[in-house]
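Working notes, beginning with the structure itself.
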Amino acid sequence: MSSTFETVANIIAETCDIPRDTITPESQAIDDLGIDSLDFLDIAFAIDKAFGIKLPLEQWTQEVNDGKASTEQYFVLKNLCARIDELVAAKSK
Amino acid sequence: MRIEYFQLIDRIADLNLNDLTIRVEANVPTESTVFEGHFPGRPLMPGVLLIESMAQASGWLIIGRTGFAKMPFLAALKEVKLRTFVTPGQKLIVSAKIMHEGSGFALTEASIEADGKTVCNADITFRVVDFPEGEFRASMDEVARRIGFPRESVAHG
């Protein structure tokens with residue numbers, strides 16, 4: 001997970017011009033880092049490209065809106081990275 | 001173009017859903033109240049409308065890819081370059097290519113040519129959402145018919 005986090009953190013730092021040292025695995029993308037939904041599209045694009053996956057943002061958003069998941073499950077960076085790792089593993093099967 | 005109605009595409013010349021490309025014709029009208037203000041004595045197609053033309057061409061490509069099930073809305077622009085003036089009466093070819101299809105968003109690269117020269121280009125991000133029903137969809141269906149959107153080659157959403 002650590003290399004996934006490094007890649008994601010660097011993407012966020014570069015895409016949103018956020019100091020790299022403020023981004024931690026416990027950071028919540030929206031509440032802590034001040035990333036809005038439009039910025040997150042840029043991040044999602046970069047993540048999709050870097051890992052060769054397609055983050056299921058629509059599904060995640062629907063689950064949060066329906067109360068079936070919390071924003072923390074998907075948007076706290078350590079959890080986001082775990083989801084990315086799962087998607088990468090699924091792709092290689 | 002029906003420039004005052006923000007309908008800037010005249011005809012879809014080519015839609016290739018495998019190559020993720022579209023090419024459309026957009027003819028700048030010879031007269032419009034837009035040109036009376038922009039500018040008196042020096043009518044020019046506004047740059048923002050050239051950008052909108054690129055967005056609309058990209059949008060029809062995205063609509064095609066989703067089988068008319070999803071509607072793209074302009075979200076962000078990058079690397080916009082307005083390279084030369086466009087004047088009333090010019091015939092434009094607007095091209096776009098999808099560079100990335102994300103979940104709920106898409107990115108395209110688009111450009112406009114006039115007289116064989118690139119007049120502008122842009123990288124465009126769209127939010128892609130479920131197609132609104134009712135009057136919105138009915139009007140989009142009508143525009144699709146008018147510009148020759150190939151419904152028969154696209155699965156209806």
Side-chain angles (χ1 to χ4, degrees), chain A residues 4 7-8 10-18 29-30 33-66 68-71 73-77 79-91, chain B residues 17-22 48 51-52 54-81 96-111 121-133 136-137 155 157:
Chain A
T4 300
T7 301
V8 171
N10 289 336
I11 285 172
I12 292 174
E14 188 173 322
T15 303
C16 300
D17 199 23
I18 294 172
I30 300 163
L33 302 178
I35 296 169
D36 69 14
S37 62
L38 184 56
D39 289 335
F40 202 83
L41 294 189
D42 284 340
I43 293 169
F45 170 53
I47 289 174
D48 284 356
K49 269 183 40 176
F51 294 96
I53 59 174
K54 185 170 169 176
L55 290 179
L57 296 180
E58 291 169 293
Q59 176 190 320
W60 291 353
T61 302
Q62 190 66 47
E63 289 177 6
V64 170
N65 290 341
D66 291 345
K68 296 176 182 174
S70 65
T71 56
Q73 279 178 248
Y74 297 126
F75 298 107
V76 168
L77 293 191
N79 297 335
L80 173 62
C81 292
R83 303 286 87 75
I84 291 170
D85 289 341
E86 290 168 2
L87 290 164
V88 171
K91 189 188 70 161
Chain B
L17 299 181
N18 292 322
D19 292 347
L20 307 182
T21 59
I22 190 170
V48 292
I51 292 168
E52 176 66 18
M54 290 189 284
Q56 289 189 11
S58 298
W60 284 110
L61 173 57
I62 295 168
I63 287 173
R65 282 286 293 173
T66 70
F68 235 107
K70 300 277 190 176
M71 176 66 192
F73 287 95
L74 181 62
L77 297 159
K78 291 178 185 168
E79 301 295 332
V80 179
K81 292 190 167 61
K97 181 176 174 64
I98 291 175
M99 303 310 292
H100 184 71
E101 291 177 302
S103 173
F105 71 100
L107 276 74
T108 71
E109 289 182 358
S111 62
N121 55 278
D123 295 348
I124 310 176
T125 301
F126 296 85
R127 293 188 197 271
V128 182
V129 301
D130 289 338
F131 217 107
E133 293 295 333
F136 187 104
R137 186 173 190 117

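Residue numbering restarts at 1 for every chain, and letters A, B, ... go by the order of the sequence lines. Not measured: the values here are computed from a predicted model.
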- Query: Does the side chain of A:Ile12 reach to within under 4.5 Å of the side chain of A:Leu77, using non-hydrogen atoms?
  - Reply: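 Sidechains of A:Leu77 and A:Ile12: in contact.
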
- Task: Run through B:Ile22, B:Thr21, B:Leu20, B:Ile124 and flag the one making a side chain to side chain contact (heavy atoms under 4.5 Å, CB included) with B:Thr108.
- Result: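 Exactly one option meets the side chain to side chain contact (heavy atoms under 4.5 Å, CB included) with B:Thr108, and it is B:Ile124.
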
- Query: What part of A:Leu55 gets closer than 4.5 Å to chain B, counting heavy atoms only: side chain, backbone, both or neither?
  - Reply: backbone

- Item | Set of residues satisfying side-chain contact (heavy atoms from CB on, under 4.5 Å) with respect to A:Asn65, sequence neighbours excluded | A:Thr61

- Item | A:Ala46: partners by side-chain contact (heavy atoms from CB on, under 4.5 Å), with sequence neighbours left out |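 A:Ile11.
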
- Proximity breakdown for B:Val129 and chain A, heavy-atom pairs closer than 4.5 Å: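 Contact with chain A involves no heavy atom of B:Val129 at all.
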
- Item | Contacts of residues 70-78 of chain B with chain A (heavy atom under 4.5 Å) |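 Counting heavy atoms that sit under 4.5 Å from chain A, the residues of residues 70-78 of chain B involved are B:Lys70, B:Ala75, B:Ala76, B:Lys78.
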
- Could you list the residues that satisfy ring-ring contact (aromatic ring centres under 6.0 Å, His included) with B:Phe105, not counting sequence neighbours?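 B:Phe105 satisfies ring-ring contact (aromatic ring centres under 6.0 Å, His included) with B:His100 once adjacent residues are dropped.
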
- Task: Examine distances only and state if a side-chain atom of B:Arg65 and a backbone atom of B:Leu17 form a donor-acceptor pair shorter than 3.5 Å.
- Result: yes

- Query: Do other residues, nucleotides or ligands put more than 12 heavy atoms under 6.0 Å from the CG atom of B:Asp19?
  - Reply: yes

